[in-house]
Protein chains: 4
Amino acid sequence: MNAGEWTILRPHVVRWIECDLYAHVNHAAYLTLFEDLRIEHWKKLSGRLPGLHPGPSPVVASIEARYLREVGFGDEVMLGCRTTSFRRSSYVHEYALWKAGELCFSARCVCVVTEGGAKAALPPELRAKLVAEGAKEE
Amino acid sequence: MNAGEWTILRPHVVRWIECDLYAHVNHAAYLTLFEDLRIEHWKKLSGRLPGLHPGPSPVVASIEARYLREVGFGDEVMLGCRTTSFRRSSYVHEYALWKAGELCFSARCVCVVTEGGAKAALPPELRAKLVAEGAKEE
Amino acid sequence: MNAGEWTILRPHVVRWIECDLYAHVNHAAYLTLFEDLRIEHWKKLSGRLPGLHPGPSPVVASIEARYLREVGFGDEVMLGCRTTSFRRSSYVHEYALWKAGELCFSARCVCVVTEGGAKAALPPELRAKLVAEGAKEE
Amino acid sequence: MNAGEWTILRPHVVRWIECDLYAHVNHAAYLTLFEDLRIEHWKKLSGRLPGLHPGPSPVVASIEARYLREVGFGDEVMLGCRTTSFRRSSYVHEYALWKAGELCFSARCVCVVTEGGAKAALPPELRAKLVAEGAKEE
């Protein structure tokens with residue numbers, strides 16, 4: 001995975017709260033880091049923050065995460081997010097975390113767009129933005 | 001998935017801290033609930049808590065989670081954990097969360113046994129216990 | 001502090017997620033444990049969970065916490081909560097955590113009752129219940 | 001409190017994970033934000049991260065927090081940290097959070113310096129740095 005191919009890239013320094021007794025980042029703490037990128041992406045896409053305004057918002061339908069190399073307290077890492085594909089009312093995110101250029105964590109997340117508790121179609125202007133990002137319609 | 005087929009079953013009432021702006025359990029909070037069961041299982045298996053004593057301990061190598069139905073603050077749910085298979089130095093856990101008998105969340109987690117930062121073989125007595133639980137050697 | 005004098009007492013086993021690199025309970029994790037008791041107390045008092053129903057709910061206005069002895073992963077502890085006093089629209093909680101009978105953590109929390117973002121008076125039946133608990137009107 | 005008088009100032013945008021059902025920052029999440037500043041300050045002071053290296057590290061002995069105004073998801077806030085005083089083996093931090101120039105949260109934290117589980121004296125060079133920051137010896 002090449003950093004140039006990612007829609008969102010953000011540096012991060014591992015926080016005390018993210019580490020556990022093993023002195024490594026806890027497995028659930030990774031997911032929270034990428035939650036931030038998922039929200040940042042949605043804000044760029046729709047102009048709105050989820051949960052605060054009427055209109056569609058994404059929820060996580062499934063996630064697959066691979067923990068490849070341990071990351072520790074104070075480590076300087078890079079976080080990446082990109083959309084690989086989308087359908088009528090969902091899109092697929094990939095997440096990656098690198099340390100010194102080495103991939104340490106990767107994940108694939110299916111986000112479903114909902115409104116009022118029901119699935120909602122991605123509006124045409126959001127679909128166009130996803131295509132412009134490089135995501136494929138499936 | 002039938003509750004009778006699970007090695008560990010534990011009731012849980014959804015906590016305030018586990019819920020987010022959507023008034024539902026946050027996607028990462030599910031993983032932390034099952035971390036507790038993974039540790040309880042390891043304690044039953046090895047007699048030891050991870051991270052506190054010398055000797056092998058499990059780490060999460062990968063996890064696949066499916067969010068099937070939303071769960072809210074104060075909901076009474078049931079958590080399940082079982083080992084489906086194992087290899088030389090790893091085993092596979094399945095996790096499930098039910099509300100009123102309906103499956104709301106399921107996950108599959110590959111746990112790698114490590115000692116001093118390197119993979120370690122599952123000791124024979126632990127392998128025997130996993131077989132007794134119903135796990136298959138692969 | 002005698003355990004007999006506490007309105008709510010609940011045993012707890014320290015979780016992996018609550019511990020940090022020092023192998024002790026993180027200072028903020030204590031507050032989340034007592035958030036559970038504050039909510040349990042409000043449910044007993046009002047019959048309702050905060051945040052889910054119309055009507056008054058408590059929010060934390062201030063908290064003073066003392067970390068007296070370290071508590072570690074897997075430790076069996078006891079959590080206590082009681083109301084010491086109340087006013088028109090607020091009440092004071094005390095929290096305590098003991099390990100093997102020794103006080104390890106104590107806190108004092110001012111809870112303000114709000115409704116629709118504004119302070120709300122404690123209804124007479126809730127005031128009566130607080131008096132029955134042993135709380136003093138100030 | 002004037003922002004010019006703070007040793008560490010850091011902007012922050014409130015994260016999804018920090019908010020609860022009330023759509024506001026959870027009371028414990030504030031403490032975790034200031035944990036980051038406490039660690040950053042210790043790193044500046046000692047050149048070392050706590051928990052990773054031999055030598056003294058700070059632990060929280062007590063904290064007093066006042067929740068003055070609610071802060072919500074996506075809010076742009078400023079975080080401040082300063083040392084007001086110190087003794088042989090402890091120092092006092094003040095923390096503040098502002099939104100649009102208004103103070104929303106303030107706290108006072110007593111940090112005790114420990115090494116190997118016992119109180120340790122602040123080394124002379126660290127005392128000198130605290131004086132240079134404006135902290136008073138008590």
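Computation of the quantities below employed the complete heavy-atom set of this structure, encompassing side-chain atoms and omitting hydrogens, waters and symmetry-equivalent molecules. Order of the sequence lines sets the chain letters (A, B, ...), proteins ahead of strands, with each chain counted from 1.
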Next on the checklist: Evaluate B:Val110 against B:Val60 for side-chain contact (heavy atoms from CB on, under 4.5 Å), listing each step before the verdict.
Outcome noted: CA-CA 6 Å; B:Val110 177; B:Val60 174; over 6 Å; no

Checklist entry - With the threshold set at 4.0 Å, does a side-chain nitrogen-carboxylate oxygen contact exist between C:Arg82 and C:Glu133? => result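 Salt bridge: no.
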
Item to check | Presence of salt bridge, B:Lys99 and B:Glu76, under 4.0 angstrom | outcome: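 Looking at B:Lys99 together with B:Glu76, the answer is no, because their closest N to O distance does not fall below 4.0 Å.
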
Checklist entry - Considering only heavy atoms, which portion of B:Ile39 lies under 4.5 Å from any heavy atom of chain C: side chain, backbone, both, or neither? => result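 The side chain, not the backbone.
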
Checklist entry - What part of C:Leu52 is in contact with chain B, defined as an atom under 4.5 angstrom from a non-hydrogen atom: side chain, backbone, both or neither? => result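 The answer is the side chain of C:Leu52.
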
Item to check | Positive for side chain to side chain contact (heavy atoms under 4.5 Å, CB included) with C:Ser85, one of C:His93, C:Glu138, C:Glu94 | outcome: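 Checked C:His93, C:Glu138, C:Glu94 against C:Ser85; only one passes side chain to side chain contact (heavy atoms under 4.5 Å, CB included): C:Glu138.
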
Next on the checklist: Counting heavy-atom pairs under 4.5 Å with chain B, which one of C:Gly72, C:Cys19, C:Pro50 comes out on top?
Outcome noted: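 Winner by heavy-atom pair count: C:Pro50.
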
